[in-house]
Structure formats: structure tokens, C-alpha cells
Amino acid sequence: MKEKRIFLFSPLDITRLFGVSKTAATFLVHRYTKRGFIVRAKRGLYSFADALPPEYYVANKLYEPSYVSLESALSYHRVIPETVYEVTSVTPKSTRRFETLERVFTYHTIKQVAFTGYILEKRSGFSFLIAEPEKAFVDTLYLRMLAGKKPLRRFNKEKIDKRKAVRYAELFGNTKIIGIVKRALL
């Protein structure tokens, strides 16, 4: 499986790849997990213990559909100076949190209509979806507004296209977030 560059897999993937029964694949996963050759990412999803895939790739696969956004994407695009230790993503599904593969992955709910503004990036041969800087900025401000928190203060305004950010804010259908975005980028 490593030769085929499959680093996150399910028992069904093993069944399809090797032509074994579902029972045999499940038994194999159970046995190799006990021996420490593979680790469980979540129920039904596994990885090799000695070849963990990059965190943003895992974030996209752990809870679908989703894309990396918020502070993680802002840090990735160098919009904020801080290093982020929790991988933050957005999804149109329910908010979730996973502590797995030596990381914390958090998924925040946004409206389906606002589930856009992401790009496909590639790092170390792995592809993942990540918000554009403007969309990550707006997602962050929107969720901070909903939580009653203050808007971001420390960020590089030069990395944010104001018109693009306002267009993304308009997707939320909330005049308050549009005003917050405009004021933040003055």
C-alpha cells in the first residue's frame, strides 16, 4: 500500500486492493493495529505507524467534506505571525473534534453557501484543500463574531485582497460580518 502511496485507508480499501474478503481485511487491520504496524485515525480509517501523512492531508480525509481554514490557513499563508498547533478546518456538516495521529483536528460548521473559496495545494506529494487567505480571514472573523469574540488584531493586511474578502463575507448573508471585515481591513 505504501508503494501505491495509500497512507490513509479503510478495510474496504484493503479488500479492493488485495481481493480479500471484508472479514479478512478487518481481521488484518485489527491484528496489525495490535502489533503497532498501523494506527487508527478514526473508526474505519487507518494509517501506517511509521509513515504518517501530512497533517493537512489528514484533515481533509478525517472529516469530509472539509477544507483547512481559520488560523491554520492564515498561518500557512503567513497572514498571522503565530504558529498554530491545532489543525482547524471548516465544513458544512456538524462541528467535530478529533485527537488522533499525534494532532488535534477541529472542524467548525459554516453555511453550505459559504463553503467555497478554497484551493488545491500540494506538499510532499500530498494534495489537500485549503482556504485562500481572504476566505480563511472571513471564516475566522465570522466564527469569532458568532462566539462573541473580538476580531483578529494581529494580521498582515497586505496579504488580504479587500474586495475578495468582502465578496466572501457577503456569502454569509449577514450585514454584521460584512461590516466587521470592512473595518478590519481599513
Side-chain angles (χ1 to χ4, degrees), residues 1-18 20 22 24-110 115 117-133 135-137 139-140 142-144 147 149 152 154-156 159:
M1 289 183 77
K2 287 181 189 175
E3 290 172 6
K4 295 186 184 289
R5 299 201 43 81
I6 300 172
F7 292 95
L8 279 175
F9 53 89
S10 68
L12 181 60
D13 294 325
I14 294 170
T15 297
R16 289 178 181 154
L17 215 59
F18 300 110
V20 298
K22 185 178 176 185
T26 302
F27 179 74
L28 182 76
V29 165
H30 178 73
R31 183 171 12 139
Y32 283 176
T33 301
K34 271 187 137 176
R35 290 185 181 172
F37 297 131
I38 62 175
V39 292
R40 183 178 143 179
K42 72 172 190 175
R43 185 175 174 208
L45 190 65
Y46 301 86
S47 181
F48 295 104
D50 64 346
L52 297 177
E55 60 190 4
Y56 292 166
Y57 175 81
V58 173
N60 283 181
K61 300 296 182 190
L62 207 51
Y63 197 52
E64 297 176 303
S66 67
Y67 60 86
V68 176
S69 188
L70 310 168
E71 291 85 358
S72 291
L74 291 172
S75 179
Y76 178 85
H77 293 298
R78 306 226 189 304
V79 175
I80 60 173
E82 294 83 14
T83 300
V84 180
Y85 296 100
E86 186 171 313
V87 181
T88 53
S89 300
V90 295
T91 179
K93 294 168 61 176
S94 299
T95 295
R96 293 286 305 266
R97 178 182 166 95
F98 298 93
E99 292 184 32
T100 187
L101 305 179
E102 303 171 6
R103 298 299 299 206
V104 176
F105 299 89
T106 305
Y107 301 82
H108 296 277
T109 305
I110 62 168
F115 189 74
Y118 52 87
I119 54 176
L120 183 67
E121 288 277 301
K122 196 169 193 170
R123 186 188 277 176
S124 305
F126 290 89
S127 298
F128 57 90
L129 300 174
I130 189 165
E132 293 178 289
K135 184 59 165 71
F137 180 72
D139 287 346
T140 302
Y142 177 73
L143 290 171
R144 290 177 74 86
K149 295 180 180 177
L152 288 175
R154 289 172 33 122
F155 66 94
N156 185 347
K159 300 254 183 182

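Counting from 1, the numbers follow the sequence of the chain as shown.
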* How far apart are the C-alpha atoms of L62 and L101, what are their side-chain angles, what is the distance that settles it, and do they pass the side chain to side chain contact (heavy atoms under 4.5 Å, CB included) test? -> CA-CA 11 Å; L62 207 51; L101 305 179; 6.0 Å; no

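- Of all heavy-atom pairs between V58 and P53, the closest is CG2-CG, 3.6 Å.
- Within the structure, side-chain hydrogen bond (donor to acceptor under 3.5 Å, both in side chains) pairs that include any residue of residues 41-63 comprise K2-D50, E55-R103 (at least two apart or interchain).
- Side-chain contact between K93 and Y107 is absent, with no heavy-atom pair separated by less than 4.5 Å.
- Within 6.0 Å of the CZ atom in R31, the count of heavy atoms belonging to other residues, nucleotides or ligands exceeds 12.
- Using a 4.5 Å cut-off on side-chain heavy atoms (C-beta onward), Y76 and V68 make no contact.
- Under the side chain to side chain contact (heavy atoms under 4.5 Å, CB included) criterion, A49 pairs with V39, not counting sequence neighbours.
- Not counting sequence neighbours, E64 has no partner by the side chain to side chain donor-acceptor pair (under 3.5 Å) test.
- Note on residues 3-13: pairs passing side-chain hydrogen bond (donor to acceptor under 3.5 Å, both in side chains), not counting sequence neighbours, are S10-D13.
- The structure places CD1 of I119 at 6.0 Å from CD of E132, a figure rounded to the nearest 0.5 Å.
- Smallest separation of non-hydrogen atoms from R154 and I80: O-CG2, 3.5 Å.
- Under the side chain to side chain contact (heavy atoms under 4.5 Å, CB included) criterion, T109 pairs with T95, not counting sequence neighbours.
- Residue T83 comes nearest to S75 through the heavy atom pair CA-OG, 4.2 Å, listed as atom of the first residue, atom of the second, then distance.
- Of all non-hydrogen atoms in F7 and A51, the two that sit nearest each other are CD2-O, 3.5 Å.
- Applying the ring pair (Phe, Tyr, Trp, His ring centres under 6.0 Å) test to Y118 and every residue at least two apart in sequence or in another chain returns Y67, F115.
- With rounding to the nearest 0.5 angstrom, the CZ atom of F48 is 4.5 Å from the CZ atom of F9.
- Under a cut-off of 6.0 angstrom, the local environment of CD in E82 is crowded, with over 12 non-hydrogen atoms contributed by other residues, nucleotides or ligands.
- Two residues are said to be in side-chain contact when any heavy atoms from C-beta on lie closer than 4.5 Å; K159 and L74 fail this criterion.
- Checking side-chain atoms of T88 against main-chain N and O of S72 turns up a donor-acceptor pair under 3.5 Å.
- Nearest heavy-atom pair, H108 versus L70, reported as atom, atom and distance to 0.1 Å: CD2-CD1, 3.3 Å.
- Take S89 and apply the side chain to side chain donor-acceptor pair (under 3.5 Å) test, not counting sequence neighbours, and it matches no residue.
- In this view, E99 and R97, V104 satisfy the side chain to side chain contact (heavy atoms under 4.5 Å, CB included) rule, not counting sequence neighbours.
- V79 has its side chain out of reach of L152: every pair of non-hydrogen atoms, C-beta onward, lies at least 4.5 Å apart.
- Note: H77 NE2 to E121 CD = 6.0 Å, rounded to the nearest 0.5 Å.
- In this structure, T140 has no side chain to side chain donor-acceptor pair (under 3.5 Å) partners at least two apart in sequence or on a different chain.
- Every residue two or more places apart in sequence or in another chain was checked for a salt bridge (Lys or Arg N to Asp or Glu O under 4.0 Å) with E71, and none qualifies.
- To the nearest 0.5 Å, atom OG1 of residue T106 and atom CD of residue E86 are 3.0 Å apart.
- P11 approaches T26 most closely through the heavy-atom pair CB-OG1, 4.0 Å.
- Here Y32 pairs with L28, R35, F37, I38 under the side chain to side chain contact (heavy atoms under 4.5 Å, CB included) rule; sequence neighbours left out.
- The structure places CZ of R96 at 13.5 Å from CZ of F105, a figure rounded to the nearest 0.5 Å.
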